[in-house]
Amino acid sequence: MATVDVELAYLTNVQLRYRRGEPVLLEANPRPSAGLFHTAFADVNLPWAAIRLLLDQDSGLRNPPRLGACLAVAEAVMAVTPQQEHQLLRTAALVPS
């Protein structure tokens, strides 16, 4: 298996897939993944650890993560339809100027 050093640090989103039993790099992004909030359920604050690592060269992570938590993430699917003119006026009245 070949390795590549892309010199990404801190919160980086790396996606891999296995092909014939070997990991294959799909993409590496120098930003956190959208699912980063899941780490909070393990009592790990990765954004804060990344900032500490950047500023103090120490992540501050001392306790092992809490494993075994069960969680569900729900997303809503909504129809997007054109609004009637009276709905737009009523919505505009709710927005402070």
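Keep in mind that the numbers below use all heavy atoms, side chains included, and drop hydrogens, waters and symmetry copies. Heads up: numbering here begins at 1 and tracks the sequence.
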K.L.:
Just how far is it from atom CZ of Arg66 to atom OG1 of Thr39, taken to the nearest 0.5 Å?
P.N.:
11.5 Å

K.L.:
Which residues pass the side-chain contact (heavy atoms from CB on, under 4.5 Å) test with Pro65, not counting sequence neighbours?
P.N.:
Ala42, Val44, Leu67

K.L.:
Which value, rounded to the nearest 0.5 Å, describes the distance between Leu46 atom CG and His38 atom NE2?
P.N.:
12.5 Å

K.L.:
Please say yes or no: joined through hydrophobic side-chain contacts below 4.5 Å, possibly via intermediate residues, are Ile51 and Leu36 part of one cluster?
P.N.:
no

K.L.:
Evaluate the ring planes of Phe37 and Phe41, with Trp represented by its six-membered ring, and classify them as parallel (under 30°), tilted (30 to 60°) or perpendicular (over 60°).
P.N.:
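Correct class here is perpendicular.
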
K.L.:
Given side chains that start at C-beta, do those of Asn29 and Thr12 come closer than 4.5 Å, heavy atoms only?
P.N.:
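No, too far: nothing below the 4.5 Å cut-off.
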
K.L.:
Could you report the tightest heavy-atom contact between Leu53 and Ser59, atom names first, then the distance?
P.N.:
CD1-N, 3.9 Å

K.L.:
Could you state the interatomic distance from CZ (Arg17) to CG (Leu25), rounded to the nearest 0.5 Å?
P.N.:
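CG of Leu25 is found 11.0 Å from CZ of Arg17.
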
K.L.:
Which pairs, with at least one residue in residues 44-56 and sequence neighbours excluded, count as a side chain to side chain donor-acceptor pair (under 3.5 Å)?
P.N.:
Arg52-Asp58

